[in-house]
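The figures that follow rest on heavy atoms only: side chains count, while hydrogens, waters and symmetry mates do not. The structure displayed is predicted, hence computed values, not measured ones.
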Amino acid sequence: STSISSCDSSSGTLKATVPLSDAVQSGNMFTVGSGNKTVDASGYYCWFATWPGDTNYTDGPYSDGSQTECFKITQPTSVSTTLHETNSGGTDVSPSNNGTTITIHVNGYVTDYADMTPSSATGSVAFRYYTSSSACEADTTGSSGTSAGSGTISSGTAKSTPTQFTSTGTWYWRAFYTPTSGSLFLASHSDCSEAVTVNQLQPNMDTSQSFYPNDSATITVGSGAGNVKGSVRFRLYLASDCSGTAIVDQTVSSIDQASPATVHTTNTTVAVSSTQHNLSWLVEFSSTNPGHKNVTSTCHNENSDLAIDNG
(Lines give C-alpha, C1' and ligand atoms only; values in the text may rest on other atoms or scores of the structure.)
Protein backbone atom coordinates (compact mmCIF):
# COMPACT_ATOMS: atom_id res chain seq x y z
CA SER A 1 0.00 0.00 0.00
CA THR A 2 1.01 3.61 -0.53
CA SER A 3 0.15 6.65 1.60
CA ILE A 4 -1.05 9.87 -0.04
CA SER A 5 0.66 12.65 1.88
CA SER A 6 -1.69 15.44 0.82
CA CYS A 7 -5.23 15.60 -0.49
CA ASP A 8 -6.66 19.11 -0.33
CA SER A 9 -7.59 22.07 -2.50
CA SER A 10 -4.13 23.63 -2.18
CA SER A 11 -2.41 20.86 -4.18
CA GLY A 12 -3.25 18.46 -6.95
CA THR A 13 -4.55 19.18 -10.44
CA LEU A 14 -7.94 20.71 -11.25
CA LYS A 15 -9.78 18.32 -13.48
CA ALA A 16 -13.32 19.75 -13.65
CA THR A 17 -15.62 22.55 -12.43
CA VAL A 18 -19.28 21.61 -12.63
CA PRO A 19 -22.25 23.98 -11.91
CA LEU A 20 -24.85 22.67 -9.50
CA SER A 21 -27.45 23.47 -12.11
CA ASP A 22 -26.21 20.30 -13.81
CA ALA A 23 -26.79 18.25 -10.66
CA VAL A 24 -29.14 15.31 -10.51
CA GLN A 25 -31.43 15.76 -7.51
CA SER A 26 -32.77 12.93 -5.40
CA GLY A 27 -34.57 14.31 -2.37
CA ASN A 28 -32.12 16.63 -0.65
CA MET A 29 -29.14 15.04 -2.42
CA PHE A 30 -27.60 16.75 -5.42
CA THR A 31 -25.12 14.68 -7.50
CA VAL A 32 -22.67 16.00 -10.05
CA GLY A 33 -19.87 14.18 -11.87
CA SER A 34 -16.50 15.25 -13.17
CA GLY A 35 -16.94 13.42 -16.44
CA ASN A 36 -14.27 11.17 -17.94
CA LYS A 37 -10.78 12.48 -17.32
CA THR A 38 -7.41 11.35 -18.59
CA VAL A 39 -4.36 10.88 -16.39
CA ASP A 40 -1.14 10.76 -18.41
CA ALA A 41 1.35 9.41 -15.90
CA SER A 42 1.56 6.38 -13.67
CA GLY A 43 1.21 6.98 -9.97
CA TYR A 44 -1.11 6.97 -6.97
CA TYR A 45 -4.03 9.42 -7.09
CA CYS A 46 -6.92 10.51 -4.86
CA TRP A 47 -9.94 12.65 -5.71
CA PHE A 48 -10.77 15.81 -3.79
CA ALA A 49 -14.10 17.59 -4.26
CA THR A 50 -15.04 21.02 -2.87
CA TRP A 51 -18.16 23.25 -2.96
CA PRO A 52 -17.96 26.86 -1.78
CA GLY A 53 -21.60 26.96 -0.59
CA ASP A 54 -24.32 29.47 -1.53
CA THR A 55 -26.67 31.93 0.14
CA ASN A 56 -28.44 29.09 1.87
CA TYR A 57 -25.25 27.43 3.02
CA THR A 58 -22.89 30.19 4.10
CA ASP A 59 -20.49 28.27 6.33
CA GLY A 60 -18.60 26.71 3.36
CA PRO A 61 -16.54 25.71 1.65
CA TYR A 62 -17.56 22.11 1.93
CA SER A 63 -15.07 19.38 0.82
CA ASP A 64 -14.44 15.67 0.72
CA GLY A 65 -10.75 14.86 0.99
CA SER A 66 -10.82 11.75 3.10
CA GLN A 67 -8.29 9.89 0.92
CA THR A 68 -10.70 7.02 0.57
CA GLU A 69 -11.39 7.67 -3.10
CA CYS A 70 -7.99 6.70 -4.47
CA PHE A 71 -6.63 4.72 -7.34
CA LYS A 72 -3.29 3.91 -8.96
CA ILE A 73 -2.16 3.91 -12.57
CA THR A 74 0.46 1.30 -13.40
CA GLN A 75 3.27 1.61 -15.95
CA PRO A 76 3.37 -0.89 -18.84
CA THR A 77 6.85 -2.13 -19.71
CA SER A 78 8.54 -3.92 -22.60
CA VAL A 79 11.72 -5.95 -22.90
CA SER A 80 13.99 -5.97 -25.94
CA THR A 81 16.95 -8.34 -26.03
CA THR A 82 20.25 -8.86 -27.85
CA LEU A 83 22.47 -11.94 -27.81
CA HIS A 84 26.23 -11.45 -27.41
CA GLU A 85 28.90 -14.06 -28.01
CA THR A 86 31.23 -13.73 -25.03
CA ASN A 87 33.92 -15.56 -23.15
CA SER A 88 33.22 -17.42 -19.93
CA GLY A 89 33.52 -14.16 -17.98
CA GLY A 90 30.89 -12.37 -20.09
CA THR A 91 33.28 -10.18 -22.11
CA ASP A 92 32.35 -9.77 -25.77
CA VAL A 93 34.53 -11.61 -28.26
CA SER A 94 36.53 -9.62 -30.80
CA PRO A 95 35.38 -8.97 -33.42
CA SER A 96 31.96 -8.67 -31.84
CA ASN A 97 29.22 -11.16 -32.66
CA ASN A 98 25.99 -9.60 -31.38
CA GLY A 99 22.41 -9.63 -32.65
CA THR A 100 18.93 -11.06 -32.43
CA THR A 101 20.19 -14.20 -34.15
CA ILE A 102 23.84 -15.24 -33.96
CA THR A 103 25.93 -18.28 -34.85
CA ILE A 104 28.68 -19.62 -32.60
CA HIS A 105 30.86 -22.72 -32.50
CA VAL A 106 30.61 -25.66 -30.11
CA ASN A 107 31.94 -24.77 -26.63
CA GLY A 108 31.26 -21.05 -27.23
CA TYR A 109 29.51 -18.80 -24.69
CA VAL A 110 26.46 -16.56 -25.06
CA THR A 111 25.30 -13.71 -22.80
CA ASP A 112 21.83 -12.24 -23.31
CA TYR A 113 21.25 -8.52 -22.71
CA ALA A 114 17.81 -7.04 -21.90
CA ASP A 115 16.93 -3.37 -22.39
CA MET A 116 13.87 -2.11 -20.51
CA THR A 117 11.29 0.41 -21.67
CA PRO A 118 10.94 2.68 -19.78
CA SER A 119 14.59 2.74 -18.74
CA SER A 120 13.48 3.83 -15.25
CA ALA A 121 12.01 0.38 -14.61
CA THR A 122 13.42 -1.39 -11.56
CA GLY A 123 13.55 -5.05 -10.63
CA SER A 124 15.20 -8.01 -12.33
CA VAL A 125 15.16 -9.97 -15.57
CA ALA A 126 15.30 -13.78 -15.77
CA PHE A 127 16.64 -15.38 -18.94
CA ARG A 128 15.72 -18.77 -20.37
CA TYR A 129 16.41 -20.70 -23.57
CA TYR A 130 14.51 -23.47 -25.37
CA THR A 131 15.13 -26.20 -27.93
CA SER A 132 12.35 -25.00 -30.25
CA SER A 133 10.54 -21.81 -31.13
CA SER A 134 7.19 -23.37 -30.21
CA ALA A 135 8.44 -24.32 -26.74
CA CYS A 136 9.65 -20.76 -26.25
CA GLU A 137 6.35 -19.25 -27.37
CA ALA A 138 4.41 -21.58 -25.08
CA ASP A 139 6.27 -20.40 -21.97
CA THR A 140 4.79 -17.09 -20.85
CA THR A 141 5.62 -17.47 -17.16
CA GLY A 142 9.30 -18.45 -17.25
CA SER A 143 8.62 -21.93 -15.90
CA SER A 144 10.04 -24.16 -18.65
CA GLY A 145 13.11 -24.28 -20.83
CA THR A 146 16.57 -23.91 -19.30
CA SER A 147 17.61 -21.08 -17.02
CA ALA A 148 20.45 -18.80 -18.11
CA GLY A 149 20.44 -16.92 -14.81
CA SER A 150 18.99 -13.52 -13.97
CA GLY A 151 20.27 -10.00 -13.59
CA THR A 152 19.28 -6.93 -11.61
CA ILE A 153 18.33 -3.97 -13.77
CA SER A 154 20.82 -1.12 -13.76
CA SER A 155 20.23 1.98 -15.90
CA GLY A 156 17.54 0.12 -17.80
CA THR A 157 19.69 -2.93 -18.65
CA ALA A 158 20.18 -6.43 -17.27
CA LYS A 159 22.13 -9.42 -18.55
CA SER A 160 22.17 -13.19 -18.19
CA THR A 161 24.87 -15.50 -16.91
CA PRO A 162 27.39 -16.42 -19.66
CA THR A 163 26.07 -19.74 -20.98
CA GLN A 164 28.21 -22.36 -22.73
CA PHE A 165 26.84 -24.58 -25.51
CA THR A 166 28.66 -27.89 -25.92
CA SER A 167 26.60 -29.44 -28.72
CA THR A 168 25.25 -28.39 -32.09
CA GLY A 169 21.69 -27.10 -32.55
CA THR A 170 19.55 -23.98 -32.38
CA TRP A 171 18.23 -22.51 -29.12
CA TYR A 172 15.57 -19.81 -28.70
CA TRP A 173 15.75 -17.21 -25.93
CA ARG A 174 13.20 -15.32 -23.84
CA ALA A 175 13.60 -12.74 -21.06
CA PHE A 176 11.10 -12.27 -18.20
CA TYR A 177 10.90 -8.97 -16.32
CA THR A 178 9.82 -8.96 -12.66
CA PRO A 179 9.26 -5.44 -11.23
CA THR A 180 10.35 -4.33 -7.80
CA SER A 181 7.67 -5.29 -5.29
CA GLY A 182 5.25 -2.41 -4.65
CA SER A 183 6.32 -0.45 -7.72
CA LEU A 184 3.96 0.69 -10.44
CA PHE A 185 5.79 -1.20 -13.22
CA LEU A 186 4.01 -4.12 -14.81
CA ALA A 187 5.73 -7.45 -15.47
CA SER A 188 6.50 -8.25 -19.10
CA HIS A 189 8.57 -10.56 -21.27
CA SER A 190 10.35 -10.46 -24.59
CA ASP A 191 9.27 -12.33 -27.71
CA CYS A 192 11.06 -15.44 -28.98
CA SER A 193 12.82 -13.85 -31.94
CA GLU A 194 16.26 -14.42 -30.40
CA ALA A 195 18.07 -17.56 -31.53
CA VAL A 196 21.61 -18.88 -31.24
CA THR A 197 22.79 -21.53 -33.70
CA VAL A 198 25.71 -23.66 -32.59
CA ASN A 199 27.72 -25.37 -35.30
CA GLN A 200 30.85 -27.46 -35.67
CA LEU A 201 34.03 -26.18 -37.22
CA GLN A 202 34.91 -27.90 -40.49
CA PRO A 203 38.63 -28.70 -40.52
CA ASN A 204 40.72 -28.96 -43.68
CA MET A 205 43.22 -31.76 -44.08
CA ASP A 206 46.47 -31.83 -46.05
CA THR A 207 48.44 -35.06 -46.29
CA SER A 208 52.11 -35.61 -46.91
CA GLN A 209 53.76 -38.96 -47.47
CA SER A 210 57.07 -39.89 -45.90
CA PHE A 211 59.39 -42.61 -47.16
CA TYR A 212 62.11 -44.09 -44.98
CA PRO A 213 64.43 -46.15 -47.21
CA ASN A 214 65.69 -49.49 -45.94
CA ASP A 215 67.71 -52.24 -47.53
CA SER A 216 68.53 -55.90 -47.02
CA ALA A 217 71.45 -58.07 -48.00
CA THR A 218 71.64 -61.84 -48.44
CA ILE A 219 75.09 -63.47 -48.32
CA THR A 220 75.32 -66.87 -49.98
CA VAL A 221 78.43 -69.02 -49.92
CA GLY A 222 79.26 -72.63 -50.65
CA SER A 223 79.39 -75.17 -47.86
CA GLY A 224 82.54 -76.36 -46.26
CA ALA A 225 83.81 -73.29 -44.44
CA GLY A 226 81.20 -72.86 -41.71
CA ASN A 227 78.67 -70.13 -41.03
CA VAL A 228 78.55 -66.72 -42.58
CA LYS A 229 80.24 -64.51 -39.99
CA GLY A 230 81.05 -60.81 -39.95
CA SER A 231 79.17 -57.57 -40.54
CA VAL A 232 77.31 -55.77 -43.30
CA ARG A 233 77.56 -51.99 -43.75
CA PHE A 234 74.71 -50.27 -45.60
CA ARG A 235 75.18 -46.72 -46.94
CA LEU A 236 72.70 -44.63 -48.93
CA TYR A 237 73.95 -41.72 -51.02
CA LEU A 238 72.28 -38.91 -52.93
CA ALA A 239 74.63 -39.32 -55.91
CA SER A 240 74.78 -42.12 -58.48
CA ASP A 241 78.53 -42.50 -57.90
CA CYS A 242 78.12 -42.78 -54.11
CA SER A 243 80.10 -39.59 -53.56
CA GLY A 244 79.52 -37.21 -50.69
CA THR A 245 78.21 -38.10 -47.28
CA ALA A 246 75.83 -41.00 -46.86
CA ILE A 247 72.39 -40.03 -45.56
CA VAL A 248 71.93 -43.53 -44.12
CA ASP A 249 74.90 -45.38 -42.67
CA GLN A 250 74.15 -48.53 -40.67
CA THR A 251 76.28 -51.54 -39.85
CA VAL A 252 74.74 -54.86 -38.86
CA SER A 253 77.35 -56.62 -36.78
CA SER A 254 77.91 -60.02 -35.17
CA ILE A 255 76.46 -62.03 -38.02
CA ASP A 256 76.75 -65.77 -37.42
CA GLN A 257 74.29 -67.64 -39.61
CA ALA A 258 74.25 -70.53 -41.99
CA SER A 259 74.25 -69.60 -45.66
CA PRO A 260 72.19 -67.94 -47.03
CA ALA A 261 72.31 -65.21 -44.35
CA THR A 262 69.98 -62.19 -44.66
CA VAL A 263 70.21 -58.97 -42.67
CA HIS A 264 68.22 -55.71 -42.81
CA THR A 265 68.54 -52.02 -42.03
CA THR A 266 66.18 -50.43 -39.50
CA ASN A 267 66.01 -46.81 -40.63
CA THR A 268 63.09 -44.90 -39.09
CA THR A 269 64.57 -41.40 -38.91
CA VAL A 270 65.86 -40.46 -42.35
CA ALA A 271 63.15 -39.75 -44.91
CA VAL A 272 63.69 -39.13 -48.62
CA SER A 273 61.74 -36.98 -51.06
CA SER A 274 60.86 -36.83 -54.75
CA THR A 275 63.54 -34.18 -55.32
CA GLN A 276 66.27 -36.75 -54.64
CA HIS A 277 66.59 -38.56 -57.98
CA ASN A 278 69.77 -40.65 -57.61
CA LEU A 279 69.39 -42.50 -54.35
CA SER A 280 72.15 -45.10 -54.48
CA TRP A 281 73.02 -47.92 -52.08
CA LEU A 282 76.52 -49.19 -51.40
CA VAL A 283 76.62 -52.43 -49.37
CA GLU A 284 79.78 -54.09 -48.02
CA PHE A 285 80.14 -57.46 -46.30
CA SER A 286 83.22 -57.83 -44.11
CA SER A 287 83.86 -61.49 -43.20
CA THR A 288 85.36 -62.57 -39.90
CA ASN A 289 85.37 -66.20 -41.05
CA PRO A 290 88.85 -66.94 -42.50
CA GLY A 291 87.23 -69.33 -44.92
CA HIS A 292 85.10 -66.60 -46.58
CA LYS A 293 86.11 -63.53 -48.51
CA ASN A 294 84.63 -60.04 -48.28
CA VAL A 295 82.12 -58.87 -50.86
CA THR A 296 80.96 -55.38 -51.94
CA SER A 297 77.96 -54.44 -54.08
CA THR A 298 78.29 -52.13 -57.07
CA CYS A 299 77.31 -48.51 -56.27
CA HIS A 300 73.94 -47.51 -57.79
CA ASN A 301 73.13 -51.14 -58.54
CA GLU A 302 70.31 -50.57 -56.07
CA ASN A 303 68.76 -47.16 -56.69
CA SER A 304 65.53 -45.23 -56.14
CA ASP A 305 63.82 -42.26 -57.77
CA LEU A 306 60.58 -41.39 -56.04
CA ALA A 307 57.46 -39.94 -57.60
CA ILE A 308 55.24 -38.66 -54.77
CA ASP A 309 51.70 -37.33 -55.25
CA ASN A 310 50.20 -35.89 -52.06
CA GLY A 311 46.99 -34.89 -53.79
Side-chain angles (χ1 to χ4, degrees), residues 1-82 100 112-128 136-143 150-159 173-194:
S1 62
T2 298
S3 298
I4 307 299
S5 60
S6 178
C7 187
D8 56 47
S9 59
S10 64
S11 62
T13 302
L14 179 64
K15 286 295 182 178
T17 300
V18 182
L20 282 182
S21 57
D22 294 339
V24 176
Q25 182 178 0
S26 176
N28 289 325
M29 181 177 292
F30 294 80
T31 302
V32 294
S34 66
N36 295 330
K37 301 301 173 184
T38 300
V39 180
D40 298 322
S42 61
Y44 295 90
Y45 298 90
C46 289
W47 285 98
F48 182 89
T50 182
W51 177 55
D54 58 17
T55 56
N56 295 318
Y57 299 90
T58 60
D59 56 347
Y62 304 91
S63 63
D64 178 8
S66 63
Q67 300 182 13
T68 58
E69 192 180 11
C70 298
F71 63 97
K72 69 177 180 180
I73 296 179
T74 54
Q75 172 66 61
T77 64
S78 63
V79 188
S80 60
T81 50
T82 306
T100 302
D112 199 8
Y113 281 74
D115 292 312
M116 295 301 306
T117 300
S119 61
S120 58
T122 60
S124 62
V125 179
F127 300 85
R128 305 190 75 83
C136 180
E137 293 287 355
D139 184 16
T140 58
T141 61
S143 58
S150 62
T152 301
I153 297 169
S154 176
S155 300
T157 301
K159 63 181 179 179
W173 288 70
R174 195 164 220 179
F176 298 84
Y177 165 60
T178 300
T180 300
S181 178
S183 72
L184 293 169
F185 298 107
L186 295 178
S188 59
H189 54 71
S190 65
D191 59 20
C192 291
S193 60
E194 280 189 309

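Expressed to the nearest 0.5 Å, how far CD1 of Ile153 lies from OG1 of Thr178 amounts to 8.5 Å. With rounding to the nearest 0.5 Å, the separation of CZ in Phe185 from OG1 in Thr74 is 10.5 Å. The CE atom of Met116 sits 10.0 Å away from the OG atom of Ser190 when rounded to the nearest 0.5 Å. For the atom pair Asp191 CG and Arg174 CZ, the distance stands at 7.0 Å (nearest 0.5 Å).
Phe176 has its side chain out of reach of Val79: every pair of non-hydrogen atoms, C-beta onward, lies at least 4.5 Å apart.
Using the six-membered ring where Trp is involved, Phe71 and Tyr45 have ring planes that are parallel, under 30° apart on the 30 and 60° scheme.
A donor-acceptor distance shorter than 3.5 angstrom exists from the side chain of Gln25 to the backbone of Gly27, with no hydrogens or angles considered. A donor-acceptor contact shorter than 3.5 Å links the side chain of Lys15 to the backbone of Thr38. Not a single donor-acceptor pair under 3.5 Å links the side chain of Tyr44 to the backbone N or O of Ile73.
When each of Arg128, Glu194, Lys159 is checked for a side-chain contact (heavy atoms from CB on, under 4.5 Å) with Asp112, only Glu194 meets the rule. Checking Thr81, Thr157, Thr82 one by one against Asp115, the side chain to side chain donor-acceptor pair (under 3.5 Å) holds for a single residue, Thr157.
The nearest pair of heavy atoms linking Thr180 to Gly123 is OG1-N, 3.2 Å.
Residues that satisfy the side-chain contact (heavy atoms from CB on, under 4.5 Å) test with Thr117, not counting sequence neighbours, are Ser78.
Of the N and O atoms on the side chains of Ser188 and Thr77, at least one donor lies less than 3.5 Å from an acceptor on the other residue.
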